[in-house]
2 protein chains.
Amino acid sequence: MKQKQYRQTLTPSVFYILLALYNKERHGYEIMKQVEYASDGKIKMGPGTLYGSIKRMLADGLIEEAYERPDPEFDDERRKYYRLTEFGRKQLSMELKRYGNAIKLARLKNLLLGLEL
Amino acid sequence: MKQKQYRQTLTPSVFYILLALYNKERHGYEIMKQVEYASDGKIKMGPGTLYGSIKRMLADGLIEEAYERPDPEFDDERRKYYRLTEFGRKQLSMELKRYGNAIKLARLKNLLLGLEL
DNA sequence: AACAATATATCCGTTTTCGATATATAATAT
DNA sequence: ATATTATATATCGAAAACGGATATATTGTT
């Protein structure tokens, strides 16, 4: 049986949070800073968007909490760490592909437009 | 004075509509079909999203109506044609850049194998 | 003549966004 | 020592956006 897909597109917030978690576990505030850093400061996620999105993503199975704590010397017990699930990794990969195709298409159109003129 | 930016990110719908209008004027239904075609059928935009988005995008100055009608023989008078404004083109360009950077970042970490851009 | 596809549009419940607000701890500066 | 800033999580609620359902009418096809 063909199960129905999760969503047509990820929301931008979900996309950027998944991207921030692609290579390591991070806690909420760290995700916030990483998104800002990775976008050259262009995208600033407020706490409402961040923690609201995290809640939904946990419920949807895109991410899960990682209970392993780092060395207590570098830890802060207020933190909650999150990691991608396999499902979340898959969704991120699909979205990256979609945007990759969109970019390819834009380039192709640019070329064709140049030839037409 | 530094005017505040339009939005942090475009919504996926707005992004795909802008992309569909990147190289030619199109009417609503045509945009709908183009988005579906350009995404290999993966993204299906319903009329609620389409015409709601168009309305907002007109108000925001991302697109404008193109009143020039094509040859009456190939025309359908029900149609309304839209084109990108300079502002819309700029926003699309910025968003493409953001996603391009995100993809580069992901590829750097070997998440995406074999996606050529 | 009947039917499917084209074309635009609105309604409305659901979901998402995002600034404001709250609370508390850790780190830094005065 | 104390004040301030940065870190860290969380909720609230209005506004925005989404998307299926519905409506209406025309065009093209069987």
Side-chain angles (χ1 to χ4, degrees), chain A residues 4-18 20 25-37 39 42-60 62-63 65-67 69-82 91 95, chain B residues 4-18 20 25-37 39 42-60 62-63 65-67 69-82 91 95:
Chain A
K4 82 175 190 185
Q5 61 181 357
Y6 169 57
R7 286 192 46 137
Q8 301 215 25
T9 58
L10 302 177
T11 68
S13 299
V14 167
F15 173 73
Y16 283 107
I17 292 173
L18 289 177
E25 299 173 1
R26 293 182 200 272
H27 58 91
Y29 195 76
E30 197 184 359
I31 292 171
M32 213 171 87
K33 292 293 166 191
Q34 170 63 18
V35 168
E36 202 174 325
Y37 167 76
S39 67
K42 291 185 189 71
I43 296 165
K44 290 192 175 85
M45 207 180 312
T49 306
L50 175 68
Y51 293 103
S53 297
I54 285 177
K55 201 182 237 176
R56 271 174 258 128
M57 291 167 77
L58 282 170
D60 293 349
L62 292 170
I63 58 174
E65 201 171 338
Y67 293 100
R69 311 296 305 186
D71 192 318
E73 190 166 359
F74 306 105
D75 195 18
D76 183 327
E77 60 181 20
R78 293 173 300 173
R79 294 174 180 163
K80 286 189 185 174
Y81 289 87
Y82 303 98
Q91 291 301 316
E95 190 75 353
Chain B
K4 89 172 193 186
Q5 60 181 0
Y6 169 56
R7 282 193 48 131
Q8 301 219 24
T9 58
L10 302 177
T11 68
S13 300
V14 167
F15 174 73
Y16 283 107
I17 292 173
L18 289 176
E25 299 173 1
R26 294 182 199 271
H27 58 90
Y29 195 75
E30 195 183 0
I31 292 171
M32 210 171 89
K33 292 293 166 190
Q34 171 62 19
V35 170
E36 200 174 327
Y37 166 76
S39 67
K42 290 185 191 73
I43 296 165
K44 290 192 175 88
M45 208 181 310
T49 306
L50 175 68
Y51 293 103
S53 296
I54 285 177
K55 200 181 239 176
R56 270 174 260 129
M57 290 167 77
L58 283 169
D60 293 347
L62 293 169
I63 58 173
E65 201 170 339
Y67 294 101
R69 310 296 305 186
D71 191 319
E73 189 166 359
F74 305 105
D75 196 19
D76 184 327
E77 59 181 22
R78 294 173 297 173
R79 294 174 181 163
K80 285 188 185 173
Y81 289 87
Y82 304 97
Q91 291 299 318
E95 190 75 351

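Every chain is numbered from 1, with letters handed out A, B, ... down the list of sequences.
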Nearest to side-chain heavy atoms of [X], which nucleotide of [options]:
{"X": "His27(B)", "options": "dT16(C), dC18(D), dT8(C)", "answer": "dT8(C)"}
{"X": "Lys80(A)", "options": "dT16(C), dT9(D), dA7(C)", "answer": "dT9(D)"}
{"X": "Thr49(B)", "options": "dT7(D), dC18(D), dA7(C)", "answer": "dC18(D)"}

* **side-chain N/O Ser53(A) vs dT16(C) OP1/OP2, d < 4.0 Å** =>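 For dT16(C), OP1/OP2 do not have a side-chain N/O of Ser53(A) under 4.0 Å.
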* To do: Would you indicate, yes or no, if dT9(D) has its OP1 or OP2 atom less than 4.0 angstrom from a side-chain nitrogen or oxygen of Tyr29(A)?
  =>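 For dT9(D), neither OP1 nor OP2 has a side-chain N or O of Tyr29(A) closer than 4.0 Å.
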* Which value, rounded to the nearest 0.5 Å, describes the distance between Arg7(B) atom CZ and Asp60(B) atom CG? ->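 Here the interatomic distance stands at 9.0 Å.
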Could you check how far [atom1] of [X] sits from [atom2] of [N], rounded to whole Å?
{"X": "Met32(A)", "N": "dT9(D)", "atom1": "CE", "atom2": "C1'", "answer": "10 Å"}
{"X": "Lys55(A)", "N": "dC18(C)", "atom1": "NZ", "atom2": "C1'", "answer": "15 Å"}
{"X": "Lys44(A)", "N": "dG19(C)", "atom1": "NZ", "atom2": "C1'", "answer": "15 Å"}
{"X": "Glu36(B)", "N": "dG19(D)", "atom1": "CD", "atom2": "P", "answer": "14 Å"}
{"X": "Arg79(A)", "N": "dA26(C)", "atom1": "CZ", "atom2": "P", "answer": "11 Å"}
{"X": "Tyr16(B)", "N": "dA17(D)", "atom1": "OH", "atom2": "C1'", "answer": "17 Å"}
{"X": "Gln8(A)", "N": "dT14(C)", "atom1": "CD", "atom2": "C1'", "answer": "16 Å"}
{"X": "Tyr51(A)", "N": "dG19(C)", "atom1": "OH", "atom2": "C1'", "answer": "15 Å"}

* Report the residue (Pro12(A) or Pro47(A)) whose heavy-atom-nearest nucleotide on DNA chain C is the more 5′ of the two. =>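 Looking at the nearest nucleotide for each, Pro12(A) comes out on the 5' side.
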* 5'-most by nearest nucleotide on DNA chain C - Ser13(A) or Ile54(B) ->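 Upstream on the strand: Ile54(B).
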* Sugar-phosphate, base or nothing in reach of Gly46(A), heavy atoms under 4.0 Å ->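 The residue Gly46(A) makes no contact with any strand.
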* Side-chain contact test, heavy atoms from C-beta onward, threshold under 4.5 Å: evaluate it for Gln8(A) versus Lys42(B) and give yes or no. =>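 No, every pair of side-chain atoms sits at 4.5 Å or beyond.
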* Do Arg78(B) and dT26(D) share a donor-acceptor pair, side chain to base, under 3.5 Å? ->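 Per atom types, the contact qualifies.
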* Could you check Thr9(A) against Tyr81(A) and say which one's nearest nucleotide on DNA chain D is further toward the 5' end? =>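 Mapping each residue to its closest nucleotide by heavy atoms, the 5'-most match is Tyr81(A).
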